[in-house]
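These notes concern the structure reproduced below.
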Amino acid sequence: QVQLVESGGGLVQPGGSLRLSCAASGSIFRIYVMGWYRQAPGKQRELVATITTGGSTNYADSLKGRFTISRDNAKNTVYLQMNGLKPEDTAVYYCYTDSTGWGQGTQVTVSS
């Protein structure tokens with residue numbers, strides 16, 4: 001059974017930072033793409049960023065410069081460093097891999 005374990009969400013003040021982690025475990029054949037999506041209340045799920053095994057990244061245009069995705073292939077783990085957080089970044093953040101599908105999500109709330 002394949003499992004995605006997400007961590008790092010929480011409550012942060014505007015301008016603050018958070019680092020999300022997502023580790024894939026279990027019977028994983030091979031993961032090529034890992035990434036993060038987010039879904040705010042009343043909105044559709046949207047791309048945050050993805051990263052391939054080789055390190056090629058893709059970001060939502062609106063998040064470039066504030067968010068950084070990285071991964072540890074040996075650990076099947078993907079990270080999302082979020083800086084300069086804004087209230088509009090409040091959402092459930094979902095980890096994704098092309099081998100496992102979606103994680104259960106972790107809540108990020110940006111509020112004073």
Side-chain angles (χ1 to χ4, degrees):
Q1 185 176 358
V2 178
Q3 187 177 17
L4 290 177
V5 178
E6 299 152 322
S7 61
L11 173 65
V12 64
Q13 292 187 342
S17 298
L18 282 176
R19 188 188 192 217
L20 305 183
S21 299
C22 173
S25 63
S27 301
I28 302 168
F29 174 61
R30 183 177 181 275
I31 296 176
Y32 179 63
V33 177
M34 303 186 80
W36 294 93
Y37 289 71
R38 70 184 184 182
Q39 187 167 17
K43 295 187 177 181
Q44 291 186 331
R45 192 171 299 187
E46 62 177 3
L47 169 73
V48 175
T50 59
I51 184 169
T52 67
T53 304
S56 296
T57 58
N58 180 41
Y59 290 91
D61 288 341
S62 61
L63 301 177
K64 290 179 180 178
R66 292 196 299 124
F67 288 15
T68 303
I69 191 170
S70 61
R71 68 187 280 177
D72 184 331
N73 291 328
K75 295 181 179 179
N76 287 320
T77 300
V78 63
Y79 307 95
L80 184 68
Q81 178 66 43
M82 305 185 292
N83 299 326
L85 283 162
K86 305 174 181 180
E88 51 263 44
D89 294 319
T90 295
V92 178
Y93 285 70
Y94 296 91
C95 178
Y96 170 83
T97 85
D98 58 352
S99 177
T100 62
W102 302 98
Q104 293 193 344
T106 184
Q107 177 70 46
V108 171
T109 302
V110 185
S111 175
S112 56

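Keep in mind that this is a model prediction, so the values were computed, not measured. Quick note: residue numbers are just sequence positions, from 1. Scope of the values below: all heavy atoms of this structure, side chains included, with no hydrogens, waters or symmetry mates.
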List the atom of I31, the atom of A24, and the distance in Å for their closest heavy-atom pair.
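Closest approach of I31 to A24: CD1-CB, 3.8 Å.
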Where is the tightest heavy-atom contact between L18 and G8, given as atom of each residue plus distance?
CD2-O, 3.7 Å
S17-N83 side chain donor-acceptor pair, cut-off 3.5 Å:
yes
Is the CD atom of E88 crowded by more than 12 outside heavy atoms at less than 6.0 Å?
yes
Around E46, counting heavy atoms of other residues, nucleotides and ligands shown, do more than 12 lie under 6.0 Å from its CD?
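Buried by this count: over 12 neighbours within 6.0 Å.
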Is the NZ or CZ atom of R71 both under 6.0 Å from the centre of the six-membered ring of Y79 and within 45° of that ring's axis?
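No; the conditions do not both hold, so R71 does not lie above the ring face of Y79.
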Do R45 and Y94 form a cation-pi contact, if we require the NZ or CZ to be under 6.0 Å from the six-membered ring centre and within 45 degrees of the ring's axis?
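Here R45 passes the 6.0 Å and 45° test against Y94.
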What distance do [X] atom [atom1] and [Y] atom [atom2] have between them, rounded to the nearest 0.5 Å?
X    : Y   : atom1 : atom2 : result
T109 : D89 : OG1   : CG    : 11.0 Å
L20  : M82 : CG    : CE    : 4.0 Å
S111 : L85 : OG    : CG    : 12.0 Å
M34  : C95 : CE    : SG    : 5.0 Å

So, [X] side chain and [Y] main chain: donor-acceptor pair closer than 3.5 Å or not?
X   : Y    : answer
D98 : Y32  : yes
N76 : A23  : no
E6  : G105 : yes
S56 : G54  : no
R38 : V92  : no

Determine whether [X] and [Y] make a side-chain contact, defined as any pair of heavy atoms from C-beta on separated by less than 4.5 Å.
X   : Y   : value
Q81 : I69 : no
I51 : N58 : no
V48 : Y59 : no
L80 : V78 : no
T57 : T50 : no
P14 : P87 : yes

With side-chain contact (heavy atoms from CB on, under 4.5 Å) as the criterion, how do T97 and L4 come out once you've worked through the C-alpha distance, each side chain's angles and the decisive distance to 0.1 Å?
CA-CA 9 Å; T97 85; L4 290 177; 3.9 Å; yes
Please state whether the rings of Y96 and W102 are parallel, tilted or perpendicular, taking 30° and 60° as the class boundaries.
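Aromatic pair Y96/W102 classed tilted.
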With under 30° as parallel and over 60° as perpendicular, where do the rings of F67 and Y93 fit, or are they tilted in between?
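Tilted.
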side-chain contact (heavy atoms from CB on, under 4.5 Å) between D61 and L63, intermediate numbers included:
CA-CA 5 Å; D61 288 341; L63 301 177; over 6 Å; no
